[in-house]
Amino acid sequence: MKNKGVIFILSFLSFLIFSQVAFAACSFQDLKSCDRQGIISIIKDFLRSRQNDLTKWNTFTSNYGFEIKYPSNYSIFESPDYDKGVTVPVSADSVKLYITNKTSMFFCCEPSYVSVELLGQYFDDLEGWAKDQKFINDDNRYRIQSEGYVTFNGEKAYQIEAEPGIDSPGNAIVVNHDNKTYLIRSTNDFPFFEKIISTFKFLGMNKEKFQATEIVSDNLPDSIEFWTQANCPNSKTYKYIIPDGYDLQGCVAGTTGSHGGCATCRMSKIKLLKKKALPISLSDYNIMKTILFNTSKDELRVYSKCANQEDEPCEDGIILTRYNPSSGLNNIMGAVKFVSKTGNSGGLYYPIAITKDDRKIVFDAEMGSPGAGGSEIDYGFGIADISNGRADFIISVEQIATYGAIFFDGYSKVVYVDEGKNTPVFMKPGPINNGKIVSGDLINGTEKVVLSESYTSYDMDNVKGNVLAFKATKYVVPKDCSAVNGDGEWIDLIPECVIKEVSDRSIDLDMVK
């Protein structure tokens with residue numbers, strides 16, 4: 001009690017001294033302003049500057065991974081006890097807290113506060129959650145000035161800002177971090193809201209959680225990349241144990257003792273992705289085929305509801321998983337759906353191989369029977385990049401070749417024939433005008449034209465090393481041979497008078513610029 005009395009006396013003396021200084025300053029600047037209102041204005045400016053000085057603010061640290069600052073003359077508590085008319089003290093284990101400068105308003109009037117709450121569960125759809133809440137309903141939606149996704153503390157968040165009013169929902173930010181969902185909100189008339197939430201920050205708990213010595217990039221809860229004292233998870237000894245709820249995206253061995261590790265510790269740079277809830281169960285599927293990865297002992301497993309044959313594509317699509325024989329984990333990568341590019345055709349891409357760097361899957365389309373009036377259409381070969389993990393449940397397959405593809409160099413390269421601009425219509429041997437040879441690098445995604453000669457079509461034989469062997473058919477039209485109809489248009493069939501000059505040729509694909 002004596003200490004409180006001393007503090008009160010000192011505070012009162014400080015106030016008196018400041019008042020005298022304020023009066024002197026006021027008089028020095030302008031004698032007319034040396035009235036009561038002038039002094040009060042200067043004192044208010046002084047107190048306001050004290051409130052804006054963050055170094056004078058108190059700091060609250062939560063055991064749930066965040067801290068927030070608030071003015072020293074404000075109150076912070078866990079909740080109001082309306083029955084007793086008192087506030088429940090806050091603790092580091094409180095899942096909700098209030099900051100206010102008018103505690104008494106909780107028991108008589110419309111309160112004015114900022115609150116921080118750890119919600120009871122993790123919500124992946126922040127926008128959907130926010131719109132389901134009572135403080136954002138149809139009755140008060142007309143007061144909302146803006147809403148949408150923002151970046152808050154380096155995390156993706158959903159923010160709502162509303163104009164003042166008795167029925168205003170106030171301001172709210174709902175944000176995910178470290179597999180938790182936080183709600184930060186305020187009443188619409190709360191002072192210093194922007195200032196207070198600018199002090200909110202998540203604490204560095206991720207190093208301990210992931211046993212990281214150095215974090216490369218932290219995009220939690222979606223992904224994190226870091227260095228750790230261990231071998232890659234696929235190693236037999238001293239391997240890194242992946243935390244629950246995450247999948248391994250990549251691992252690179254580092255130099256012993258680097259990146260914050262001990263002098264004799266083996267180091268690995270690991271990237272993890274958060275597992276997502278998937279809308280299927282494998283219980284209704286059967287294993288159709290298995291393809292081995294190249295840089296590990298993992299297996300790409302193909303699941304289908306249909307019979308284990310590719311004679312007719314399964315319109316239910318297929319499911320791809322990555323199975324680890326050592327751990328027994330069978331992680332779902334996603335689904336490949338039956339596609340229809342025209343009304344009279346449809347097909348399904350089936351995996352046939354994995355590129356030698358294990359970053360992409362190569363597919364071959366199995367076509368269904370064409371509908372009425374449809375023709376034989378082939379979606380050819382496709383590829384899907386799996387190097388960045390599964391961004392969505394549906395795996396998007398991009399077409400890379402339509403006809404006659406040859407893969408080589410561990411499925412890292414491809415050569416195929418395609419439509420040629422220098423060949424007439426009558427040279428079509430079937431559903432395609434193969435008047436151009438194209439080579440592609442599946443690792444870096446580049447392509448280049450190998451050959452495209454006038455009046456010439458190509459049929460490829462094989463690739464040995466990087467040398468392509470193929471047959472070239474040169475079409476020669478004699479002067480007395482008509483290859484056009486009466487309207488001067490190329491006819492669809494090859495006239496009998498057209499001469500075909502077939503030759504066996506080869507070309508070094510590495511020499512093509």
Over 60° means perpendicular and under 30° means parallel, so classify the ring planes of [Y] and [X], tilted if in between.
X	Y	result
F66	F60	tilted
Y182	H177	tilted
F226	F210	tilted

Donor-acceptor check, side chain of [X] to backbone of [Y], threshold 3.5 angstrom: yes or no?
X	Y	answer
K360	L442	yes
Y349	Y379	yes
S62	Y64	yes
K271	S217	no
Q211	T228	no
N176	F123	yes
N444	T446	yes
S304	I318	no
D358	T295	yes

Taking the side chain as every heavy atom from C-beta outward, state whether [X] and [Y] have any atom pair closer than 4.5 Å.
X	Y	answer
L320	P351	yes
V175	N153	no
Y350	C314	yes
I173	Q159	yes
P243	Y240	yes
L272	L248	yes
I196	P71	yes
N101	N73	no

State, to 0.1 Å, how close [X] and [Y] come at their nearest heavy-atom pair, and which atoms those are.
X	Y	answer
N58	S72	ND2-CA, 3.6 Å
D298	R322	OD2-NE, 2.9 Å
Y411	T355	O-CG2, 3.0 Å
F77	V88	CB-O, 3.4 Å
N330	Y323	OD1-CB, 3.5 Å
E299	L292	CG-CD2, 3.8 Å

Does [X], at its [atom1] atom, have more than 12 non-hydrogen atoms belonging to other residues, nucleotides or ligands within less than 6.0 Å?
X	atom1	value
Q399	CD	yes
R266	CZ	no
K448	NZ	yes

Kindly compute the distance separating [atom1] ([X]) from [atom2] ([Y]), expressed to the nearest 0.5 Å.
X	Y	atom1	atom2	result
L300	I386	CG	CD1	7.0 Å
T103	I76	OG1	CD1	11.0 Å
I291	I354	CD1	CD1	6.0 Å
I319	D284	CD1	CG	10.5 Å
N171	E161	CG	CD	5.5 Å
K269	W227	NZ	CH2	5.5 Å

Audit row: V114, Y70, side chain to side chain contact (heavy atoms under 4.5 Å, CB included) steps and yes/no: CA-CA 10 Å; V114 166; Y70 58 96; over 6 Å; no
Verdict with supporting geometry, T321 and Y285, side chain to side chain contact (heavy atoms under 4.5 Å, CB included): CA-CA 12 Å; T321 72; Y285 289 78; over 6 Å; no
D93 and S91: side chain donor to acceptor below 3.5 Å: no
Residues E147 and Y158: side-chain donor-acceptor under 3.5 angstrom: yes
Stepwise side chain to side chain contact (heavy atoms under 4.5 Å, CB included) check, F106 with S79: CA-CA 10 Å; F106 275 88; S79 62; over 6 Å; no
Between F202 and F200, ring centroids under 6.0 Å: yes
Residues I68, I99; criterion side chain to side chain contact (heavy atoms under 4.5 Å, CB included); working and verdict: CA-CA 10 Å; I68 192 169; I99 298 172; 4.3 Å; yes
